[in-house]
Amino acid sequence: MNEQTLIVQAARARREFIRWVLLLAANINRPTHSTLRFLQQVVQGEYPDATEMEVRRELDYLESRDLVKIFTDPIGQVSADLTRYGIDIAEYTVPVEPGIARPPKV
């Protein structure tokens, strides 16, 4: 395997794991909205260099899969809520499709 392939695989693994962390954090934080700032802090527990843009990009991905709903309040603060399907993914009640690094249930 060449270096470029390893870099691409590491970036993909990071994205997919961030998506899983976002789902878990939003699930634990229910029924309260999870702010972008809160979610970024949680992700930075695993990836200290995670940026707001990176977290927002992965939230957008999760929203495109109908796993979260993103809201922006009148002062511009972004927050997210899990959808019913997002809760099911986080709680292991439905299979997960590729793109989210959900570990096997123990």
Side-chain angles (χ1 to χ4, degrees):
M1 215 176 278
N2 67 33
E3 185 177 345
Q4 185 63 30
T5 302
L6 292 174
I7 291 169
V8 169
Q9 287 179 345
R12 177 181 171 195
R14 177 180 170 121
R15 284 191 313 271
E16 291 180 358
F17 190 70
I18 287 174
R19 294 169 190 159
W20 174 240
V21 169
L22 291 170
L23 289 173
L24 282 182
N27 191 44
I28 290 167
N29 202 38
R30 283 189 307 119
T32 313
H33 296 303
S34 296
T35 64
L36 182 58
R37 181 179 178 145
F38 164 76
L39 293 170
Q40 183 180 359
Q41 289 173 340
V42 172
V43 170
Q44 285 176 335
E46 185 68 28
Y47 299 106
D49 63 335
T51 64
E52 182 178 309
M53 179 65 77
E54 182 177 26
V55 171
R56 180 58 198 261
R57 184 179 59 238
E58 300 316 326
L59 277 175
D60 287 346
Y61 172 87
L62 293 172
E63 185 177 48
S64 75
R65 293 201 32 196
D66 297 322
L67 300 176
V68 300
K69 177 70 177 146
I70 299 173
F71 303 93
T72 305
D73 69 16
I75 60 170
Q77 184 173 358
V78 174
S79 61
D81 286 335
L82 286 179
T83 64
R84 179 198 61 80
Y85 188 55
I87 293 167
D88 289 342
I89 294 287
E91 294 182 349
Y92 288 84
T93 57
V94 296
V96 66
E97 294 177 9
I100 298 171
R102 182 176 78 177
K105 189 174 182 178
V106 239

*When hydrophobic residues are tied together by side-chain contacts of less than 4.5 Å, even through go-betweens, does Val68 share a cluster with Met53?*
no

*asked:* With a 4.5 Å cut-off on side-chain heavy-atom distances among I, L, V, M, F, W and Y, is there a chain of contacts connecting Val96 to Val94?
replied: yes

_Tell me if a side-chain donor or acceptor on Glu63 pairs with a main-chain N or O of Ile70 at a distance below 3.5 Å._
yes

*Any side chain to side chain donor-acceptor pair (under 3.5 Å) pairs touching residues 85-106, not counting sequence neighbours?*
Arg30-Glu91, Arg84-Asp88, Asp88-Thr93

_On a heavy-atom basis, which atom in Ala26 and which in Ser34 lie closest, and how many Å separate them?_
CA-OG, 3.5 Å

_Listed partners of Asp73 passing salt bridge (charged side-chain N to carboxylate O under 4.0 Å, His left out), at least two apart_ = none

_Glu46, CD atom: more than 12 neighbouring heavy atoms under 6.0 Å_ = yes

*What closest approach, in Å, do Gln77 and Thr35 show between heavy atoms, and which atom pair accounts for it?*
NE2-CG2, 3.0 Å

*asked:* Please determine whether residues Leu67 and Ile28 belong to a single hydrophobic cluster, defined as Ile, Leu, Val, Met, Phe, Trp and Tyr linked transitively by side-chain heavy-atom distances below 4.5 Å.
replied: no

*Checking Gln44 side chain against Ala50 main chain: does a donor-acceptor pair fall under 3.5 Å?*
yes

*asked:* Regarding Asn29 and Thr32, do their side chains bring together a donor and an acceptor under 3.5 Å, going by distance alone?
replied: no

*May I ask you to check whether Tyr61 and Arg57 show a side-chain donor-acceptor distance below 3.5 Å?*
no

*Looking at Arg12 and Glu16, does any basic side-chain N land under 4.0 Å from a carboxylate oxygen?*
yes

*May I ask you to decide if Asp66's main-chain N or O and Thr83's side chain share a donor-acceptor pair within less than 3.5 Å?*
yes

*Between CD1 of Ile18 and CD of Gln40, what distance do you get to the nearest 0.5 Å?*
10.0 Å

*Any chain of hydrophobic side-chain contacts (each under 4.5 Å) joining Ile100 to Tyr47?*
yes

_Common cluster, Phe71/Val78, ILVMFWY with side-chain heavy-atom separation under 4.5 Å_ = no

*Determine the minimum heavy-atom distance between Pro103 and Trp20, stating which atoms define it.*
CD-NE1, 3.2 Å

_If the test is side-chain hydrogen bond (donor to acceptor under 3.5 Å, both in side chains), which one of Arg14, Arg15, Arg19 qualifies with Glu58?_
Arg19

*Roughly how far, to the nearest 0.5 Å, is the CZ atom of Arg65 from the CG atom of Asp60?*
14.0 Å

*Any chance you could measure Leu23, atom CG, to Leu59, atom CG, to the nearest 0.5 Å?*
9.0 Å

*Which heavy atom in Leu39 sits nearest to a heavy atom in Ala80, and how many Å separate them?*
CD1-CB, 4.4 Å

